[in-house]
Amino acid sequence: MPLTIYNTLSRSKEEFHPIDPDLVRMYVCGPTVYGHMHIGHAKSYVSFDIVRRWLMHRYGQEGVLYVMNITDVGHLVGDGEEGEDKVEAQARRENRSPYEIAAYYEESFWDDMKDLNSLMPDRIPHATDFIRQQIKMTEELIAKGVAYESNGSVYFDVNAYQQQEKAEGMIPYGGLSNRKVEDQTGGERIEANPEKKNPQDFALWKRADEIHFMQWYSPWGWGYPGWHLECSVMSSFYLGKTFDIHGGGIENQFPHHECEIAQSQAVNDAPFVRYWMHHNMVNVSGQKMGKSLGNASNVKELIAEVGAMALRFFIAQSHYRSPLEYDPDAIVAAGSGFERLRGTITRLREVIGSDLETRVAGIDANPEVKEVFDKFSAAMDDDFNTPVAIGYLFEGVSNLNKLLAANSQDRSLLEAYNSLFTIAFEQVLGMDFSAEDGRGGALADDLMRLIIDLRANARETKDFATADQIRDALKDAGVVLEDGKDGTRWGMTSS
RNA sequence: GGUGCCGUGGCCGAGCGGUUAGGCAGAGGUCUGCAAAACCUCGUACAGCAGUUCGAAUCUGCUCGGCACCUCCA
């Protein structure tokens, strides 16, 4: 069964076929690093992490080249009128240099990404490392007649670009976001920039004034690159003129992605991207979450409160193209679901042996497991429908719980379930079942064994007061005891 | 004004013409010394109105409500 992806270009699901059948080339818009990660970022990067993992499942570990940029140069609000450079503004607030700000928040970003168990991209280009290339591309665009210098800045000439002959498969300006230039009431909400020929023209290179900290020398004087340019330059540097998938937030469809397409196609004479994937926003009480709205919830705080896997699971339980309603209780609820999962898998691995954790075989030989896996795969193939995929996996969880409760000795079947959950939950969905356990190693195991034995003695002599005292005290310390037929299990309470 | 999207049971969230989505929470039960965990049972939800259809949460129209983009933002 083929993988289908919703392509923003066609506004429909399309079968996915990479240009190179052995290598999927994928680029995702990374963050501008001037603040800590919020839940909106988490939805974006967890969603695409899962996309990437599913592609790796289908095309192999080496079958995906995943590039994410870091925007470490600030950009003004709008093209060419007064505004604040986000990074520089933050630098002023913190009394640090813009470079320190970018480095600090980038590190914070990757820390959170690791906590969320997202794989590192294969390439992580930084805008400031590609200034030469951005200047070069700007020169080329001028040479091609689709850009012009004006008062030390350079603008992309949308009109000239539209007049140009387009090669087969190239996207006209406005083709991604379904906009017509003449419909945009430019000039109403932003003041027309007199440096531009037309309001829809966008900056490739901006003249810097003296107070601007981040600036570079160019053929047009001191300045800094326009926002859209870095993605065009860095994506083609690693992925070629035409590549398979470009991911990003729905709010960047226009103008950012539209501009990327125009400038890339103009300079390369080739189609830019074949599949555009856009994820939806996180809302807070029906409203978009955003830094500028002051309602953004910090990921570090949330991880400390409910655990990273609760957050990841919360995100995976909705579809990437749907808006997600932020609700602290809903995240806690997701955490409870995750704990149920972890309980089942922990018990399974106690039965079949932990050395089998990564063993992935035997699914096909067990019809009931295969059925779950096939449904899971079909859901993932259907535009990465993780909520439906997870729904099917929970069928498997219930089945397995029954087997475990009945003390099943069917090793082949149990191992098949282990394979199913290893692949589906751990490898594809990126759930980490060891993440928040923190059981404290061998010493803790020995100590707990001792305590559990003492308590067992008490229970045997029907000294339930002592037994309960031990259990209650451990509970206060964050340790849960569960008495079963074959003895007592212990674990850490979550969060 | 232009371009799109959405309104599902207590909460989150799938669904895209006809069979239980799923998770969480809640109620009852089984098991247990008591718990916990697990298992079993339980909720007949789809903003409103009108239409198409044998049949609509799912298609059409209207109404109401909400959101996003057109300005930096995941």
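Proteins come first, then strands; the chains are lettered A, B, ... in the order of their sequence lines, and each starts at number 1.
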P atom, A21(B) versus G43(B): distance in rounded Å?
11 Å
The answer to which of V397(A) and I250(A) contacts RNA chain B further toward the 5' end, by nearest nucleotide, is V397(A)
In the structure shown, which nucleotide is the Watson-Crick or G-U wobble counterpart of G17(B), with both distances under 3.5 Å?
none
For F314(A), report the nucleic acid contact type (base, sugar-phosphate, nothing); a contact means any heavy atom under 4.0 Å.
sugar-phosphate
Sugar-phosphate only, base, or nothing, as touched by L481(A) at under 4.0 Å among non-hydrogen atoms:
base
Across all strands, who's sitting opposite C39(B) as a Watson-Crick or G-U wobble pair, both distances under 3.5 Å?
G29(B)
Answer with base, sugar-phosphate or nothing: what part of the nucleic acid does D329(A) contact at a heavy-atom distance below 4.0 Å?
nothing
Report which part of the nucleic acid S322(A) touches: base, sugar-phosphate, or nothing (heavy-atom distance under 4.0 Å, all strands).
sugar-phosphate
Side chains of D463(A) and T466(A) only: does a donor on one sit below 3.5 Å from an acceptor on the other?
yes
Roughly how far apart, to the nearest Å, are G10(B) and A50(B) at atom P?
24 Å
Would you say F464(A) stacks on G33(B), if stacking means ring centres under 5.5 Å apart and planes within less than 30 degrees?
yes
Does a side-chain N or O from K402(A) land closer than 4.0 Å to OP1 or OP2 of C40(B), or not?
yes
Base, sugar-phosphate, or nothing: which does K43(A) touch, judged by heavy atoms less than 4.0 Å apart?
nothing
Between G15(B) and G55(B) - P atom distance, rounded Å:
26 Å
Tell me the partner of C62(B), counting only Watson-Crick (N1-N3 plus N6-O4 or O6-N4) or G-U wobble (N1-O2 and O6-N3) with both under 3.5 Å; none if nothing fits.
G48(B)
Is N178(A) near enough to G4(B) that one of its side-chain N or O atoms lies under 4.0 angstrom from OP1 or OP2?
yes
Pairwise C1' distance, U44(B) and C49(B) [rounded to whole Å]
23 Å
Go through the N and O atoms of the side chain of R11(A) and the base of C5(B), and report whether any donor-acceptor pair is under 3.5 Å.
no
Does the side chain of N69(A) pick up a donor-acceptor pair with the side chain of Y27(A) at under 3.5 Å?
yes
note: E325(A), atom CD; C6(B), atom P; distance rounded to Å ~ 16 Å
Under-4.0 Å salt bridge between D472(A) and K475(A):
no
Atom pair distance, as rounded to whole Å: CG in N280(A) and P in G13(B):
11 Å
Look at all strands and tell whether G40(A) reaches a base, only sugar-phosphate, or nothing, counting heavy atoms closer than 4.0 Å.
base
Is the closest basic N to carboxylate O distance between R342(A) and E339(A) below 4.0 Å?
yes
Can you tell me which nucleotide in C70(B), A38(B), C40(B) comes closest to the side chain of R347(A)?
A38(B)
For a quick check of understanding: with a heavy-atom distance under 4.0 Å over all strands, which category does S177(A) fall into, base, sugar-phosphate or nothing?
sugar-phosphate
Of the candidates A38(B), A74(B), A36(B), the side chain of H41(A) sits closest to A74(B)
Test F156(A) against F202(A) for ring-ring contact (aromatic ring centres under 6.0 Å, His included), laying out the working first.
CA-CA 5 Å; F156(A) 187 87; F202(A) 55 89; 4.8 Å; yes
Spacing of K462(A) atom NZ relative to G33(B) atom P, expressed in whole Å
8 Å
If you check every side-chain atom of Q317(A), which of A38(B), G23(B), C34(B) has the closest atom?
G23(B)
Evaluate the criterion ring-ring contact (aromatic ring centres under 6.0 Å, His included) for residue pair H246(A) and Y275(A); output intermediate values, then yes/no.
CA-CA 6 Å; H246(A) 187 128; Y275(A) 302 86; over 10 Å; no
Value in whole Å for how far the P atom of C69(B) lies from CZ of F254(A):
13 Å
If I take atom CD1 in residue I452(A) and atom P in nucleotide A36(B), what distance separates them, rounded to the nearest angstrom?
18 Å
Report yes if at least one side-chain N or O of R340(A) is closer than 4.0 Å to OP1 or OP2 of G23(B); otherwise report no.
yes
Separation of the C1' atoms in A47(B) and A57(B), to the nearest angstrom
12 Å
Minimum-distance nucleotide to L324(A) side chain [options: G13(B), C39(B), A74(B)]
G13(B)
Nearest whole Å is fine: how far is U32(B) P from D483(A) CG?
12 Å
Euclidean distance, atom CZ of residue R489(A) to atom C1' of A37(B) [Å, nearest integer]
8 Å
With nearest nucleotides of RNA chain B determined for G248(A) and G337(A) from heavy-atom distances, which residue corresponds to the more 5′ nucleotide?
G337(A)
Are E368(A) and K402(A) close enough for a salt bridge, meaning some N to O gap below 4.0 Å?
no
Side-chain heavy atoms of Y105(A) within contact of Q90(A), under 4.5 Å:
yes
Both distances under 3.5 Å, Watson-Crick or G-U wobble: report the partner of U3(B), or none.
A68(B)
Nearest-Å distance, NE2 (H256(A)) to P (A68(B))?
21 Å
Separation between CG of L481(A) and CZ of R489(A), rounded to the nearest 0.5 Å:
10.5 Å
Strand contacts (RNA chain B) in residues 374-385 of chain A, 4.0 angstrom heavy-atom criterion
N385(A)
Can you confirm whether the side chains of K197(A) and S150(A) place a donor and an acceptor under 3.5 Å from each other?
no
Among A36(B), A14(B), G4(B), the one nearest any side-chain atom of P387(A) is A14(B)
With rounding to whole Å, what would you report as the distance between C42(B) and G33(B) at their P atoms?
29 Å
Please report the distance separating the C1' of C12(B) from the corresponding atom of A25(B), rounded so that it comes out in whole Å.
11 Å
Could you tell me whether K114(A) and D432(A) make a salt bridge, using a distance below 4.0 angstrom between a side-chain N and a carboxylate O?
no
At 4.0 Å (heavy atoms only), tell me whether Q253(A) reaches a base, stays on the sugar-phosphate, or touches nothing.
nothing
Let's see if you can work this out: which of C34(B), A14(B), G22(B) has an atom nearest to the side-chain heavy atoms of S318(A)?
A14(B)
Looking at U53(B), which nucleotide sits across from it as a Watson-Crick or G-U wobble partner, both distances under 3.5 angstrom, or is there none?
none
Selection from A74(B), C24(B), C39(B) that lies nearest to any side-chain heavy atom of S336(A)
C24(B)
Please give the distance between the P atoms of G48(B) and C11(B) as a whole number of Å.
15 Å
Kindly indicate whether the side chain of L116(A), heavy atoms from C-beta on, has any atom under 4.5 Å from the side chain of I315(A).
no
Pick base, sugar-phosphate or nothing for Y45(A), based on heavy-atom distances below 4.0 Å to the nucleic acid.
sugar-phosphate
Within the 4.0 Å heavy-atom criterion, would you say H279(A) contacts the bases, only the backbone, or no part of the nucleic acid?
base
